[in-house]
Amino acid sequence: IIISLLFFSSNCWAKEPDLGPNIHVALALKQIAVQLRAQDMYQIFDTSNDKLLYSSSKQENSFLNVRNKLLYLNDFKLPNKIRIRAGKDAFVQINRRTYRGEVIVSVDNGRIDVINILPLEEYLYSVLPQEMPASCPEQALKAQAVAARSFAYSSLGKRDILGYDVLADTSSQVYGGKEYENPLTTKIVQDTRGEVVFFKDKVAETFFHSSSGGRTESSLMVWGSEIPYLQSVEDFDQQAPHYKWLVSFAPEELDRMFLEAGYKMGKIKAFELSPLAKTADKKTADRTAAGRLNQLRVLGEQGWEVIKGSKFREILKLKSTLFDIAIGIPMPDTIEAPLVDRFGNQVGQVDIDINIDNKNSIGLPKDGENIRRLSRSNNEKIIITGYGWGHGVGMSQWGAKGMAEDALKDLQNKEKAKQEAEKKRKSEDKNHKDKESEVKGKNNEPKILSLETDFYQKIIEHYFSGCVIRKVY
């Protein structure tokens, strides 16, 4: 009986997995009204004394709003700071999105702030599949999970005065609540639970971005602060959809965009920046060693303006600061030519390629390779060719995917070479008994290959120089 009781007790009191410290996520700031609901029911408490103020009916749909700087639930007056909890096994819904944990709602200067408080690991359940698709290689997903956890962990307490640790958008990490969770990525988070990136004895701020365009950038070049583990390294993002991109603008469009941004330079007449191809691995006055634009000069009717690369990107809504500018009248890649028979009758048409180098710059005046001068002729365009998407600092998400895929291809090639060598050896030894199982798995099926389980650590170590992963809970 004693043994049975001990066994029963150990199962009843088995410790739940440590889901880490709570993180405060700003879901909405400075709102006029917020929609509130729960899958079952919710309760509202006064944060000052945890007193129960309101219990909803099942699936009650209500609105939090502010009148005369006071908080109301529909017409029910509330304190200006409340805590909302859902019923057992249910979740709070804010503006039609479902969230784990609890929600703090407060009023500041007549506007509503909404903060979601939940365990860090449960927060990552939603973050990971939005930052990297579940279809990516497992080792890339693990690297992203560790980077996302480390970024969140390093953010804890930094904005206490504001009442939250991170925002729910790309300015921190994308977090959309429970609807965005995916069982595949949730397992990845659970498999790496508590793993955080350290540089020496301090948690690293593991910034990441979509793709760098071939080489990441150092924090010093982008933000002006030297962080030892955020250095420029080779990237493996060549398969990214935005590895190379192109946009074009009419001169009148840029005139308007710069005027709206506060630059009163008149009509744009020229740009001055060093050519991107000429600055590879070489820092210039206007570009970093990785080629990103620090600044450029823009000539308008009122004279020259010096504009930072990051500001130029913001005004034109470009994907990155790794770009070059050409001026020209865009030409088609092909022309249509008629096909005629021997009697001169048209019987069809054919597309003929136009093989002209640098079509976008044909016939343009040039006064030095750094100057891109506009003629303001009809149909003229400012054509911007760029690479990568994001600030370029830290881990490239497409690069992490590329590293995992390249490593798996190398493993497959080695296995193929091994099998071919084995077959050759057997064919040379006529008396050797065939041992097909050494080359193939059971039932003569090819081996299913996978990367070593800790390859994600190599991805982290590549993008965050000198860092290691440690388990903190």
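Predicted, not measured: the structure shown is a model, and the values here were computed from it.
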Side chain to side chain contact (heavy atoms under 4.5 Å, CB included) against E195, all qualifying residues, sequence neighbours excluded
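Partners of E195 under the side chain to side chain contact (heavy atoms under 4.5 Å, CB included) test: V146, R149, T192, Y456, I469.
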Over all atoms of both residues, closest heavy-atom pair of Q31 and L29
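In terms of heavy atoms, the two residues are closest at NE2-O, 3.0 Å.
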Main-chain N/O of G176 paired with S126 side-chain donor or acceptor, under 3.5 Å
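Side chain of S126 to backbone of G176, a donor-acceptor pair under 3.5 Å: yes, one is there.
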Indicate the ring-plane relationship of W389 and H242, choosing parallel, tilted or perpendicular according to the 30° and 60° boundaries.
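The arrangement is perpendicular - the two ring planes meet at more than 60°.
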If I take atom CG from residue L276 and atom OG1 from residue T284, how far apart are they, to the nearest 0.5 angstrom?
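Interatomic distance, L276 CG to T284 OG1, rounded to 0.5 Å: 10.0 Å.
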Taking NZ in K264 as the centre, count heavy atoms belonging to other residues, nucleotides or ligands within less than 6.0 Å. Is the count above 12?
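No.
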Quiz question: by atom type and distance under 3.5 Å, do the side chains of E272 and Q295 form a donor-acceptor pair?
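Side chains of E272 and Q295: no pair found under 3.5 Å.
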Would you find a donor on one side and an acceptor on the other, under 3.5 Å apart, between the side chain of N95 and the backbone of Q35?
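Yes, the answer is positive, given that a donor and an acceptor are paired below the 3.5 Å cut-off.
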R376 with E380: basic N within carboxylate O range, under 4.0 Å:
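No, R376 and E380 are not salt-bridged.
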In Å, rounded to the nearest 0.5 Å, how long is the span from CD of E305 to CG of L296?
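The CD atom of E305 sits 11.0 Å away from the CG atom of L296.
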Do Y153 and Y473 have side chains that approach each other closer than 4.5 Å (heavy atoms only, starting at C-beta)?
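Touching, per the 4.5 Å side-chain cut-off.
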Please walk me through it: do V203 and F198 pass side-chain contact (heavy atoms from CB on, under 4.5 Å)?
CA-CA 4 Å; V203 177; F198 278 80; 3.7 Å; yes
Thinking salt bridges, do E234 and R215 make one under a 4.0 Å N-O criterion?
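So E234 does not pair with R215 through a salt bridge.
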Without hydrogens or angle criteria, can the side chains of T98 and Q93 be said to hold a donor-acceptor pair below 3.5 Å?
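Note: T98 and Q93 side chains meet the donor-acceptor criterion.
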Report yes if some heavy atom in the side chain of L118 is under 4.5 Å from a heavy atom in the side chain of N22; otherwise report no.
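No - every pair of side-chain heavy atoms lies 4.5 Å or more apart.
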What I'd like to find out is whether the side chain of I459 reaches to under 4.5 Å of the side chain of Y463, using heavy atoms alone.
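The answer is yes; the side chains approach within 4.5 Å.
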Using a 4.5 Å cut-off on heavy atoms from C-beta on, say whether the side chain of F199 contacts that of F464.
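No. Closest side-chain heavy atoms not under 4.5 Å.
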For the atom pair CD (Q238) and CG (D406), what is the distance rounded to the nearest 0.5 Å?
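Here the interatomic distance stands at 8.0 Å.
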For the atom pair CD (Q144) and OG1 (T206), what is the distance rounded to the nearest 0.5 Å?
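Between Q144 CD and T206 OG1, I get 8.5 Å after rounding to 0.5 Å.
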Show, in sequence, the C-alpha distance, side-chain angles and deciding distance for K471 and D18, and conclude whether the salt bridge (Lys or Arg N to Asp or Glu O under 4.0 Å) test is met.
CA-CA 12 Å; K471 196 172 180 66; D18 191 344; over 6 Å; no
If we only count heavy atoms from C-beta on, is the I384 to W245 side-chain gap below 4.5 Å?
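SC-SC contact between I384 and W245 confirmed.
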Side-chain ion pair, K401 and D237, N-O less than 4.0 Å:
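Salt bridge absent between K401 and D237.
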Would Q349 and L339 count as a side-chain contact (heavy atoms from CB on, under 4.5 Å) here? Give the steps.
CA-CA 5 Å; Q349 63 184 32; L339 287 176; 5.6 Å; no
In residues 158-169, what donor-acceptor pairs under 3.5 Å come from side-chain atoms, sequence neighbours left out?
unit_1: K158; atom_1: NZ; unit_2: S154; atom_2: O; d: 3.4
unit_1: K158; atom_1: NZ; unit_2: E205; atom_2: OE2; d: 3.0
unit_1: D165; atom_1: OD1; unit_2: G157; atom_2: N; d: 2.9
unit_1: D165; atom_1: OD2; unit_2: H24; atom_2: N; d: 2.8
unit_1: D169; atom_1: OD1; unit_2: S171; atom_2: N; d: 3.0
unit_1: D169; atom_1: OD1; unit_2: S171; atom_2: OG; d: 2.4

Assess whether a salt bridge exists between D191 and K187, defined as any Lys/Arg side-chain N lying under 4.0 Å from an Asp/Glu carboxylate O.
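Salt bridge between D191 and K187, a charged N being under 4.0 Å from a carboxylate O: yes.
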Roughly how far, to the nearest 0.5 Å, is CG of L254 from CG of L259?
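Reported value, rounded in 0.5 Å steps: 12.0 Å.
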Work out which heavy atom in G213 is nearest to a heavy atom in Y243; give both atom names and the distance.
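Looking at all heavy atoms of both residues, the shortest contact is C-CE1, 3.4 Å.
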Can you tell me if D40 and Q59 form a side-chain donor-acceptor pair at under 3.5 Å?
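Their side chains do not contain a donor-acceptor pair, so the 3.5 Å distance test is not met.
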Heavy-atom pair with the smallest gap, counting every atom of R313 and K319
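Result for this residue pair: NH2-O, 2.9 Å.
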Please check this pair: side chain of Q231 against backbone of I227, looking for a donor-acceptor N/O pair closer than 3.5 Å.
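Pair found, side chain donor or acceptor close to backbone of I227.
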Do other residues, nucleotides or ligands put more than 12 heavy atoms under 6.0 Å from E301 CD?
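Counting neighbours around CD of E301, more than 12 heavy atoms of other residues, nucleotides or ligands fall under 6.0 Å, so yes.
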Compute both the distance and the angle, then confirm whether K244 meets the cation-pi test with Y387: under 6.0 Å from the six-membered ring centre, within 45 degrees of the axis.
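Here K244 fails the 6.0 Å and 45° test against Y387.
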Could you walk me through whether E260 and R256 pass the salt bridge (Lys or Arg N to Asp or Glu O under 4.0 Å) test, one step at a time?
CA-CA 6 Å; E260 290 174 352; R256 174 182 54 78; 3.5 Å; yes
Would you indicate whether the side-chain heavy atoms of I329 and S377 approach each other to under 4.5 Å?
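Heavy-atom side-chain distance check passes, below 4.5 Å.
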Is any NZ, NE, NH1 or NH2 atom of the basic residue among K142 and E138 found under 4.0 Å from an Asp or Glu carboxylate oxygen of the other?
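The answer is yes: the pair qualifies as a salt bridge.
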Carboxylate-amine/guanidinium proximity below 4.0 Å for R292 and D286
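Salt bridge between R292 and D286, a charged N being under 4.0 Å from a carboxylate O: no.
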Show your working on side-chain contact (heavy atoms from CB on, under 4.5 Å) between I325 and L273 and close with a plain yes or no.
CA-CA 8 Å; I325 298 176; L273 68 163; 4.2 Å; yes
Shortest non-hydrogen contact between A140 and A400, atoms and distance:
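Residues A140 and A400, closest heavy atoms: CB-O, 3.7 Å.
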Just so I know, are the side chains of R111 and I32 near enough to count as touching, which here means a heavy-atom distance under 4.5 Å?
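Yes - at least one pair of side-chain heavy atoms lies under 4.5 Å apart.
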When the ring centroid of F207 is compared with that of W223, is the distance short of 6.0 Å?
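Yes; W223 has its ring centre under 6.0 Å from that of F207.
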Could you note down all residue pairs passing ring pair (Phe, Tyr, Trp, His ring centres under 6.0 Å) where residues 175-197 supplies at least one of them, sequence neighbours left out?
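Sorted result for residues 175-197: Y99-Y175, Y123-Y175.
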What do the steps show when you test N116 against E102 for side-chain contact (heavy atoms from CB on, under 4.5 Å), and what is the final call?
CA-CA 6 Å; N116 184 198; E102 60 184 26; 5.9 Å; no
Taking atom types as modelled, is there a side-chain donor on S396 or D235 under 3.5 Å from an acceptor on the other?
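Yes - a donor-acceptor pair under 3.5 Å links their side chains.
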Does some side-chain heavy atom of L128 sit less than 4.5 Å from a side-chain heavy atom of I188?
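In contact.
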To the nearest 0.5 Å, how far apart are CG in L36 and CG in N65?
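Between L36 CG and N65 CG, I get 11.5 Å after rounding to 0.5 Å.
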Are a donor atom and an acceptor atom from the side chains of T186 and Q190 found within less than 3.5 Å of each other?
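No donor-acceptor contact under 3.5 Å links the two side chains.
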Heavy-atom pair of closest approach, residues R287 and K283:
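Taking every non-hydrogen atom into account, O-CG, 3.5 Å.
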Should the pair E314-K311 be classified as a salt bridge under the 4.0 Å nitrogen-to-oxygen rule?
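Yes.
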Can you see which heavy atom on I382 is nearest to which on A250, and at what distance?
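In this case the closest contact between I382 and A250 is CD1-C, 4.0 Å.
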Given the rule in the side chain to side chain donor-acceptor pair (under 3.5 Å) test, do E181 and T185 qualify, once you have shown the distances and angles that lead to the verdict?
CA-CA 8 Å; E181 295 177 13; T185 50; over 6 Å; no
Short side-chain to backbone donor-acceptor contact, Q173 and T170, under 3.5 Å:
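No: the side chain of Q173 does not pair with the backbone of T170.
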Measure the acute angle between the ring planes of F312 and F258, then classify it against the limits of 30° and 60° as parallel, tilted or perpendicular.
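Geometry flag for F258 against F312: tilted rings.
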E226-S219 side chain donor-acceptor pair, cut-off 3.5 Å:
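Short answer, no.
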Does the side chain to side chain donor-acceptor pair (under 3.5 Å) test come out yes or no for Q397 and E131, once each step is laid out?
CA-CA 8 Å; Q397 293 166 314; E131 290 291 355; 3.1 Å; yes
